[in-house]
Peer 1: 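Starting off with a structure, shown below.
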Amino acid sequence: MRAEVKWILSNPEIIDEVFEKFVNNCDIFINREVLRHDYLPERLPHREKTIRRLAETVAPVLKSARCSNAFLYGKTGTGKTAVTKYVLNRLEIKAKQFEASVRICYVNCRLAGTKYRVFSKLCQSLGGHIPFTGLSVGEVFDRLRLCLESVSIIFVVVLDEIDALIKARGDNILYELLRINEMLTDSKVSLVGISNDLRLKEFLDSRVLSSLSEEEIVFKPYDAEELRNILADRAQLAFYDTALTDGALSLCAALAAAEHGDARRALDLLRVAGEVAERYGAEFIEEEHVRDAERHIEHNRTVEALRTLTLHLKLVLLSLFHLGQADVQRGTTGEIYEVYNDLCGELGTGPLTQRRVSTLINELDSLGLLNAKVISRGRYGRTKRIRLEVARPLLKKVFSEDSRVKDLVGYKLKGSSC
DNA sequence: CGTCCACAGGAATGACGGGCGG
DNA sequence: CCGCCCGTCATTCCTGTGGACG
């Protein structure tokens, strides 16, 4: 069964297509770029309502009035960033037409990482120069204020993934940005906050929350049918017309729908499935290629995560590895710390404190390499029950490539009291 | 019903490598 | 070169706590 995407081609087009296939030596892809999640498509299916709402929210900017702050939230891959960029790109174009002095700055807070770097990005987008370190945060903030005071503009600031910054450093940055308007006479700042975490509101001061969510837009997960449409849309641009089977398309949609309706995931699956099919020299992308892609993506992610761990994170994970037997792989903080101490001794490295190891365990948890759950064993105290989430052979293989820890992979536990 | 285990996890502080402007 | 500030990693000290045991 082929995808129902039908193209009617004129004769010269058919010839072109055949030649192009031959030149590119590829029967599958026309353009794989359109399946990357940073690709901004011409249209965003199933987001008409949110596009309208955001557009209505920012529209006053065209009359050089400050628009309401907006707070967008929804899980990953629900189109928040795409919708925002989509609307604001067009806003910028319209603003030029109407000669409204509008500046838009998009900052990804997770990538920026700190308040300093966020402020410095905002300054730079206004033409100010900020060294990447060396100034106090207050100084950078002042420069931002001066930049804004020297001109008369509406400055729309998009803070993507603010949840990452706020959870790490508090809502201080929002407070300062929301208050900057009080210090400005001609220019005005409007904020668009984007959060992946629905519970972010709990972390916010009530004053910050109320001014940030003057306008609140919730992004619901896509269901399987909607994902199908999105994928079909992109597939038209990405693949030759017969290259994608209907089954493969539906499977991508279904798998991503099961995982909280993540369009990003769906697109990744489709792209990798295409690459898998290409590698096999297959004529079409079929369901088995999607299954392959699923394993492939998962595998790559863990290997990459394992590889880039710091020494002590590796040691902690290795301790858990040694603690577990072939089938059961669990331990408590105390048990892990004991083994960890032994491993450090073996290496001649000074061990970190248990307090520190406890946070390392949490870091590994959020990386998905292990699963830690706080439990109480009553009389026998309160601890974390920790399970390894990595296949043992995989961990063994990746760690054996690291010269620092490779000798510890085959380490035998001393006095393993059974 | 209180105790007390084995930690959880917050807060304060410090060491360190780096860059700034003067 | 100095004095200052940055972000990161780590330590120290601390208060908090679910529930089995007595």
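Throughout, a chain's letter reflects where its sequence line sits, starting with A, and its residues are numbered from 1.
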Peer 1: For A:Phe239, does the six-membered ring have the charged nitrogen or CZ of A:Arg32 within the cation-pi criterion, i.e. under 6.0 angstrom from the centroid and within 45° of the normal?
Peer 2: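 Pair A:Arg32/A:Phe239 does not count as cation-pi.
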Peer 1: Within less than 4.0 Å of OP1 or OP2 of C:dA20, is there a side-chain N or O belonging to A:Arg377?
Peer 2: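 No.
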Peer 1: Could you state the atom-to-atom distance from CZ of A:Phe141 to C1' of C:dC6 in whole Å?
Peer 2: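 Distance check: A:Phe141 CZ to C:dC6 C1' gives 19 Å.
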Peer 1: Could you give the distance from CD (A:Glu56) to CZ (A:Arg52), rounded to the nearest 0.5 Å?
Peer 2: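 Nearest 0.5 Å value for the CD-CZ distance: 6.0 Å.
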Peer 1: Regarding A:Arg295 and A:Glu298, does a basic nitrogen lie under 4.0 Å from an acidic carboxylate oxygen?
Peer 2: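 Salt bridge flag = no for A:Glu298 with A:Arg295.
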Peer 1: Side chain of A:Arg382 only, please: which of C:dG16, C:dC21, C:dT11 is the nearest?
Peer 2: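 Nucleotide nearest to A:Arg382's side chain: C:dG16.
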Peer 1: Taking the nucleotide of DNA chain B with the closest heavy atom to each, which residue, A:Glu335 or A:Arg355, is nearer the 5' end?
Peer 2: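 Nearest nucleotide further toward 5': that of A:Glu335.
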Peer 1: So does A:Thr353 get a side-chain nitrogen or oxygen closer than 4.0 Å to the phosphate oxygens (OP1/OP2) of C:dT11?
Peer 2: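 Answer is yes, contact under 4.0 Å.
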Peer 1: Figure out the CG/P separation between A:Leu360 and C:dC9, and round it to whole Å.
Peer 2: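 Atom CG in A:Leu360 sits about 10 Å away from atom P in C:dC9.
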Peer 1: Given atom CD1 of A:Ile361 and atom C1' of B:dA6, what is their separation to the nearest angstrom?
Peer 2: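 Distance, rounded to whole Å: 13 Å.
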Peer 1: Considering heavy-atom distances to DNA chain B, does A:Asn362 or A:Gly381 have its closest nucleotide positioned more toward the 5' end?
Peer 2: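 Nearer the 5' end of the strand: A:Gly381.
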Peer 1: Give the C-alpha distance, both sets of side-chain angles, the deciding distance and a yes or no for side-chain contact (heavy atoms from CB on, under 4.5 Å) between A:Leu320 and A:Ile361.
Peer 2: CA-CA 10 Å; A:Leu320 178 59; A:Ile361 289 171; over 6 Å; no
Peer 1: What's the NZ-C1' distance between A:Lys373 and B:dC7, to the nearest Å?
Peer 2: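 Between C1' of B:dC7 and NZ of A:Lys373: 17 Å.
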Peer 1: Distance under 6.0 Å and angle within 45° of the ring axis: does A:Lys188 meet both against A:Phe155?
Peer 2: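 That pair does not qualify as a cation-pi contact.
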Peer 1: Which of these nucleotides, B:dG9, C:dT11, C:dG19, is closest to any side-chain atom of A:Ser376?
Peer 2: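 Selected nucleotide: C:dG19.
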Peer 1: Round to a whole Å and report the spacing from CZ of A:Arg356 to P of B:dG10.
Peer 2: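 The answer, rounded to whole Å, is 14 Å.
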Peer 1: Would you kindly give the OH-to-C1' distance between A:Tyr380 and C:dG19, to the nearest whole Å?
Peer 2: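 These atoms are roughly 12 Å apart.
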Peer 1: What's the NE2-P distance between A:His312 and C:dC9, to the nearest Å?
Peer 2: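 My rounded result for the distance is 12 Å.
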Peer 1: At under 4.0 Å, does any side-chain N or O of A:Lys384 touch on OP1 or OP2 of B:dA6?
Peer 2: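 Answer no for this pair, as no side-chain N or O of A:Lys384 is under 4.0 Å from OP1 or OP2.
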Peer 1: Please report the distance, rounded to the nearest Å, between CZ in A:Arg379 and P in B:dT3.
Peer 2: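 One finds 12 Å between P of B:dT3 and CZ of A:Arg379, rounded.
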